[in-house]
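Throughout, protein chains are lettered first and strands after them, A, B, ... in sequence-line order, and every chain is numbered starting at 1.
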4 protein chains.
Amino acid sequence: MPKISQAKREARQQQILDAALACFSENGFHQTGMADIVRRSGLSQGAVYLYFQSKDDLIAALAIDRHQQEALLNEIAGHAGDPLEGLRALARGYARWLTDPSAGQTRRVGVNGWAEALRNERVRAGVIEGIESARTVIVPLVEQAQSKRLLSRDLSADAIARTLVALFQGFVLQIVWNEPVNVEAALAVLDRMLGGLAPQRPRIAARERRTT
Amino acid sequence: MPKISQAKREARQQQILDAALACFSENGFHQTGMADIVRRSGLSQGAVYLYFQSKDDLIAALAIDRHQQEALLNEIAGHAGDPLEGLRALARGYARWLTDPSAGQTRRVGVNGWAEALRNERVRAGVIEGIESARTVIVPLVEQAQSKRLLSRDLSADAIARTLVALFQGFVLQIVWNEPVNVEAALAVLDRMLGGLAPQRPRIAARERRTT
Amino acid sequence: MPKISQAKREARQQQILDAALACFSENGFHQTGMADIVRRSGLSQGAVYLYFQSKDDLIAALAIDRHQQEALLNEIAGHAGDPLEGLRALARGYARWLTDPSAGQTRRVGVNGWAEALRNERVRAGVIEGIESARTVIVPLVEQAQSKRLLSRDLSADAIARTLVALFQGFVLQIVWNEPVNVEAALAVLDRMLGGLAPQRPRIAARERRTT
Amino acid sequence: MPKISQAKREARQQQILDAALACFSENGFHQTGMADIVRRSGLSQGAVYLYFQSKDDLIAALAIDRHQQEALLNEIAGHAGDPLEGLRALARGYARWLTDPSAGQTRRVGVNGWAEALRNERVRAGVIEGIESARTVIVPLVEQAQSKRLLSRDLSADAIARTLVALFQGFVLQIVWNEPVNVEAALAVLDRMLGGLAPQRPRIAARERRTT
DNA sequence: TATGAATGAGACTTCATTCAT
DNA sequence: AATGAATGAAGTCTCATTCAT
């Protein structure tokens, strides 16, 4: 029998998370004081601790953006038949997030989280989980493509997945630093790069066999 | 007129930088106290301030690893004739640094610097400079390759350079998080990906075969 | 006109006092939070303030154990004729309380109250009242014994009373600290000590023997 | 090579301890803030932590008065031959401390420590050690007296020691509460009580044997 | 040059109490 | 009568930097 509704409670939580996201995004985790978050949230000192046990909780809650992960799965839906097209959709989806102005704070806090993950186990776990969820999506796609002879079978599916993940993480960095990244051009490069992963001579051999 | 020799002064500075690198690498910039650095360096509280004006100075001095940049140029020396081979040499050089155990602290501090660059202008300048120096090396190689028809001319050289930089930054992240990255396998993937950037005659050739 | 019955009100009060006693006994007054008491009582934060105005009220209500005082009077009932026997009964009664396992929390809270009495006037009043009620019982017994030549008349009845009180308070301390006190042996010592307070004819007798 | 002399360092420590003693004596451990101690000591916030690691350290340092214990041993020096006289000297020494105006703060803080000992292991250890050191002095005296037939041999030396300790602890309580204790009169009572511990019939029998 | 004691603002968190519901 | 969310002052402790020696 709570005194405030579940909805209100979640609204308050979000209010705090929004304030914390803004503060962390501007000043980083350790140069943001709880007082800053409190001020920005419009609540009282004590109220924050009604919803989060500590500053660390707040960091852990924000260091990983789960939306990104959820979005991941949706991106490849509808491309069940063509694994390569699934990968391309994935890339486009990520690329969209890279340039989405409304995700700016999230990107910056994410990068702070990458550094935080070096010494904060909870944050590290979240970051690793993020990579895992990407691999969980990419590796099967690659393997399907390999079994359909669309991708070279002598390459490690895991290495391909990690390479793609690294690529996007690297672009996040360049973008949060306000580097003049042309994401469209980079997508074009990636598209061609993926083409390089296609089987090389075997493909021709296969055709010859088929036509023979 | 300094009362101690220039050599001694530099030795002391290095002593402090070594201690700071170790501390920052373990606990990050903001969870390392000056006291930690002082203790580790074996000097006194006051001594540090004789050689560095502030903690921020120490951070700025360490956030960018100049060795990496210098090494960069050396990697491609001796491949003047073949730009693609130059790129591959660059990749191998970076890959070696990725797994060099003696560069562990530098990698970790580097990642901390990436987050720090979001709000510390000096650090940001250093990071950007690092990217620039990579682009300064890669872009000409790509353009040479394009003019020699070794790489497709409809791709942006800058996009290719940034893509390669992103890729390596992303791998730095995965490695500092102790992810089980197989760098050799990733290099193989990269090699094939670079192959995908070649001019697209092969595809036409395939068509010709089909129409024959 | 109260909306709940008087009985229910008292039950609630006792519920809170029980919880507070347990908490205070474990953690002392100032390291127990109202939240601890609330949790233990099973009531709500606000409910406590319907029955007690403040934490200080709770402390004041518990710092003095009135049961002990009431018991005091009962102990000596039935020994009206023999004041020394009354004192001994008193001692045995206290000794029983000292080792009564069910009085453990009360003893501990009592000791906390002794320190609290140094700066909390209400608690001090309670503690002093406890001593007074003991003196009110002991002094008349001593005076009766003195008038019956059972106790030496050159000793202050008040000093004897205070000495006995001090003795028992000191044993409370040792017992709450879990010191291995042998209460039976101590009672035997006390018994003999009381014997020492008898008029000093025996010594004269000894002299008479010597001079004989 | 400390920058300040050992003497100065100890003076500063004492300065802090004096301030803490005064504050604790007035308001107890948990209602005294570090700010109070800082203000009273005339030092800065940080300075206190240069000499004591925490408030708990300060409490532990003050909860036990070692002077009292050292004094204990001195009191009985010079009474080597007569154990009973040693006990009496001990009692007079304690009594003097009970009424020493300059020990007022120490007595009050001591009582606070008795409550603190219920939940603070360091303080408890100090308190127990205090009792032990008293027993270490008293028990041998009692045993000597018993072997010389000055005290009854059927009483436990430990029980006698604990009884004496309890007695003095109890008087400390009454005195810190500003009760009108007549220490002289109480000493007289104690003297007679000790007399009650002498052997009873056996003493006469012994003399008869000796004179026979 | 070199030391390390000293500073004091500011960090995170707790808690007795209130009050709208 | 009863709830429990909300308050905000106050608590303990840390830390980058300075400065007398």
Whole-Å distance separating the CD1 atom of C:Ile16 from the C1' atom of F:dA1 = 13 Å

Between atom CZ in B:Phe52 and atom P in F:dT17, what is the gap in whole Å?
-> 13 Å

Would you list the pairs meeting salt bridge (Lys or Arg N to Asp or Glu O under 4.0 Å) in which at least one residue belongs to residues 103-120 of chain D, sequence neighbours left out?
-> D:Glu116-D:Arg119

Sorted by chain and number, sequence neighbours left out, side chain to side chain donor-acceptor pair (under 3.5 Å) with A:Gln13 holds for none

Which residues share a side-chain contact (heavy atoms from CB on, under 4.5 Å) with D:Ile128, sequence neighbours left out | C:Trp177, C:Glu179, D:Arg124, D:Glu132

Rounded to the nearest 0.5 Å, what's the gap from CD on C:Gln31 to CZ on C:Phe24? Could you check?
-> 12.0 Å

Can a donor-acceptor pair be found between the side chains of A:Gln14 and A:Glu10 at a distance below 3.5 Å?
-> no

What's the CG-P distance between C:Leu58 and E:dC15, to the nearest Å?
-> 16 Å

Which residue pairs pass the salt bridge (Lys or Arg N to Asp or Glu O under 4.0 Å) test with at least one member in residues 11-23 of chain A, sequence neighbours excluded?
-> none

Using atom types as modelled, flag every donor-acceptor pair under 3.5 Å from a side chain in residues 33-40 of chain A to any protein atom, sequence neighbours excluded.
| from | atom 1 | to | atom 2 | distance (Å) |
| --- | --- | --- | --- | --- |
| A:Asp36 | OD1 | A:Arg39 | NH1 | 3.3 |
| A:Asp36 | OD2 | A:Gly33 | N | 2.8 |
| A:Arg40 | NH1 | A:Glu26 | OE1 | 3.3 |
| A:Arg40 | NH1 | A:Glu26 | OE2 | 3.4 |
| A:Arg40 | NH2 | A:Glu26 | OE2 | 2.9 |

Atom-pair distance (CZ on C:Arg39; P on F:dG4), nearest Å | 14 Å

Inter- and intrachain pairs under side-chain hydrogen bond (donor to acceptor under 3.5 Å, both in side chains), touching residues 49-64 of chain A, at least two apart | A:Asp57-A:Arg122

Which letters describe nucleotides 6-13 of chain F, given B = protein heavy atom under 4.0 Å from base, S = only from sugar-phosphate, - = neither?
-> BBBB--SB

Canonical and wobble pairing (Watson-Crick, G-U, under 3.5 Å) of DNA chain E, dot-bracket with | = .||||||||||||||||||||

